[in-house]
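Below: one structure, written as structure tokens.
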Amino acid sequence: MGGVRTALYNYLFARRHGGDFILRIEDTDSQRFVPGAEEYIAEALHWCGIDPDEGVVQGGPHAPYRQSERKEIYLQYALQLVASGDAYYAFDTPDELDALRAEAEAKGDTFTYNAACRSMLNNSLRFGTEETAAKIAAGERWVIRFRMPESEEVAMNDLIRGEVVVNTSTLDDKVLYKSSDELPTYHLANIVDDHLMEISHVIRGEEWLPSLPLHYLLYRALGWSGTQPLFAHLPLLLKPTGGGKLSKRDGDKMGFPVFPLRWEAPTGEVSRGYREDGYFPEAFINMLALLGWNPGTEQEIFPLDELVELFSLDRVSKSGARFDPEKAKWFNAQYLRAKSDEELAALFLPILREKGIDDVCVFLAARVVRIVKERATFVSDFWELSHYLFVAPTEYDPKAVEKFWKGENPARIAEMCGILEAIGDFTAANIDRALHDWIAAKEYPMGQVMNSLRLAIVGESKGPGMADVCEILGKEETLARLRRALGELGK
RNA sequence: GGCCCAUUCGUCUAUCGGUUAGGACGUAAGAUUUUCAUUCUUGAAAGAGGAGUUCGACUCUCCUAUGGGCUACCA
């Protein structure tokens, strides 16, 4: 969800300003490759209706869009930084670094690879050019680290938060490139590609704010400050209850999807999706758009093109937004009601077939949808709300029987059969009129009579207006059900 | 621990120094309805705390508290 919202804001911003929305796959961690993940991302964006203008699927002038396919372009920039003195080779092994961290932790400290200790560690700054070259030639594993200035105030600008200043003394010498897999880390690859791909705006999650100084410094060291993109760090999406940012586990725990589409991890772990849970993509997108942004008016329902028209970064809020599954449902219900009976009927028919009802035409389905859609949140609610229109009740709710199948009611239902029988054109309007006239003439209690009728036909004591129900059932079925109720419940 | 960001009803949010602090979800009550739902009306519900600045602070500054993020040869 968080990823989709970030993509959405990027999409809206790009559209709003006539730019291009680019999907680049940042797969520089060869250890964490997940088969199917890339395809999943493309499909999810497509379902949401926010297809990229350029990217792995669409192609484009900046191809390739997969960092693993751009390996050869990163090393030269890493070397350029070494040459300019902004970076250096380091030979410390992961084990050595882990040991240093453990050691520091034991003393209640945190190990930081920075100006204070870099001259004591295994790197080209200590070894000098010759020894470094020898080590590399000998096949020792190395990484290239950024040489973080010892103490410098870096003033940055964030489109959402304004000016942020950080002193480099609190930062560490981040790894930019690793010889082990000949791949850069995020920081280098991101800056190089953003430059090469002519990225004008970076809109990303707030978790990236702490590395913004590094990114500023990288642009400067590479000589690209002049064309550096503008940054906007989005507030995080938080769990509905408890603390922390929304994570994939929360959904299954709390009963709502966290993924746009159902996701089956290679491990076999399955996460439900908004699509499979019956959400309309427009509703999902609308809900996400308002989680951290608002147009300043009281309108809440926005089609995508309207979001494009209204979106602006200065109306994005600064604080994390707690996700509310109830409101997500409300959005879906709004979109469901706005859809035509016919459109919903087309979605309902497959469900009916699944239930073994395959002789229903679109017109009948639409007629049913018309009377149940305002009580539904999802298309999948339709069956629960209308099954009695397709299958006669096999039992009668005991509470309803106790409440309504008593006194003169059974006799009135018997009498009603004659009234219904006499209706020529069995339409809701005619049924309604005939019943009301009859009840009025006999001075029967309306509630008692109508609820008995409902019980006899539906088997329960809730549901849409009975005239509509009877019309959909037809005269024959309506009378058959009344007679059966009289037989089973007694007169 | 260090650094950074944030802080208005339970939740999402409006307010860009002067408002009875507005709306939505949820919730409570009532009305409508043959039932349920819908719809409508109404209600409860908020500026974390403390100092400043100012004629006047939810709004600006600082401190504290709280929440969150980052602190990897992950992104």
Side-chain angles (χ1 to χ4, degrees), chain A residues 26-32 67 90 92-94 97-98 101 104-105 108-113 141-145 156 158 160-161 164-167 169-172 174-181 183-187 189-190 204-213 233 235-236 238 240-241 243-245 287 290-301 314-315 317-331 333 337 371-376 385 400 403-404 432 435-436 439 445-455 458 460-467:
Chain A
E26 309 207 303
D27 53 351
T28 54
D29 185 352
S30 42
Q31 307 296 308
R32 291 206 315 165
Q67 289 181 331
D92 316 275
T93 66
L97 293 171
D98 284 345
R101 278 186 202 103
E105 202 174 329
D109 271 351
T110 310
F111 169 73
T112 312
Y113 208 121
R141 289 208 171 167
W142 50 268
V143 297
I144 290 176
R145 284 182 181 271
M156 299 158 289
D158 180 272
I160 293 170
R161 281 149 227 281
V164 179
V165 181
V166 174
N167 191 292
S169 62
T170 65
L171 273 18
D172 65 343
K174 278 273 176 294
V175 170
L176 300 177
Y177 191 93
K178 49 221 150 81
S179 72
S180 58
D181 53 8
L183 246 18
T185 60
Y186 170 83
H187 304 291
N190 182 265
R204 62 193 355 178
E206 193 185 354
E207 69 268 26
W208 289 109
L209 198 51
S211 39
L212 188 57
H233 291 88
L236 263 16
L238 275 16
T241 56
K245 65 173 177 176
M287 179 272 292
L290 266 338
L291 229 40
W293 171 86
N294 78 85
T297 63
E298 284 174 2
Q299 185 181 347
E300 292 199 279
I301 301 296
D314 48 50
R315 292 210 64 90
S317 46
K318 295 178 169 71
S319 51
R322 221 177 254 278
F323 168 64
D324 178 9
E326 287 307 312
K327 187 120 190 193
K329 286 184 191 165
W330 177 80
F331 273 108
R337 287 172 191 210
I371 65 170
V372 300
K373 76 171 174 187
E374 68 181 18
R375 4 172 53 94
L385 292 168
K403 195 167 174 194
F404 296 113
D432 204 47
L435 254 24
H436 276 84
I439 288 168
M446 176 79 88
Q448 288 295 314
V449 177
M450 295 305 276
N451 281 306
S452 307
L453 171 63
R454 180 181 306 280
L455 170 62
V458 178
E460 296 179 75
S461 56
K462 59 180 181 190
M466 287 311 294

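Throughout, a chain's letter reflects where its sequence line sits, starting with A, and its residues are numbered from 1.
- A sub-4.0 Å separation between OP1 or OP2 of B:A14 and a side-chain N or O of A:N294 is present.
- An OP1 or OP2 oxygen of B:U13 is reached within less than 4.0 angstrom by a side-chain nitrogen or oxygen of A:S317.
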Which atoms of nucleotides 39-48 of chain B (N or O only) lie under 3.5 Å from a protein N or O atom, and what are those distances?
unit_1	atom_1	unit_2	atom_2	d
B:U39	OP1	A:R337	NH1	3.4

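- In this structure, A:R315 reaches the sugar-phosphate backbone alone: every heavy-atom distance under 4.0 Å involves primed, P, OP1 or OP2 atoms, never a base.
- For A:Y186 and B:C74, the OH to C1' distance is 12 Å, given to the nearest whole Å.
- The base of B:C5 lies outside donor-acceptor range of the side chain of A:R161, with no N or O pair under 3.5 Å.
- Contact between the side-chain N/O atoms of A:R32 and the OP1/OP2 oxygens of B:A75 is not found at any separation under 4.0 Å.
- If you check B:A65 for Watson-Crick or wobble pairing at under 3.5 angstrom, you find it paired to B:U7.
- Checking B:C25, B:C73, B:A6 against every side-chain atom of A:E326, the shortest atom distance belongs to B:C25.
- Across the protein-nucleic acid pair, A:E460 atom CD and B:U35 atom P stand 16 Å apart, rounded to whole Å.
- Remark: A:K329 engages A:E326 in a salt bridge (Lys or Arg N to Asp or Glu O under 4.0 Å) (not counting sequence neighbours).
- Within 4.0 Å (heavy atoms only), A:V372 reaches no atom of the nucleic acid at all.
- Among the heavy atoms of the strands lying under 4.0 Å from A:T28 are primed sugar atoms or P, OP1, OP2 only; no base atom is included.
- Heavy-atom neighbours of A:K178 NZ from other residues, nucleotides or ligands within 6.0 Å: above the threshold of 12.
- Regarding contacts with the backbone of B:C73, a side-chain N or O of A:R101 is found under 4.0 angstrom from either OP1 or OP2.
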Where do N or O atoms of nucleotides 68-71 of chain B meet protein N or O atoms at under 3.5 Å, pair by pair?
unit_1	atom_1	unit_2	atom_2	d
B:G68	OP1	A:G244	N	3.3
B:G69	OP1	A:K245	N	3.3

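- Checked by distance alone, A:R322 brings no side-chain donor or acceptor within 3.5 Å of a matching partner on the base of B:U11.
- A:P235 comes within 4.0 angstrom of no nucleic acid atom, judged by non-hydrogen atoms across all strands.
- Here A:D92 lies in heavy-atom contact (under 4.0 Å) with a base.
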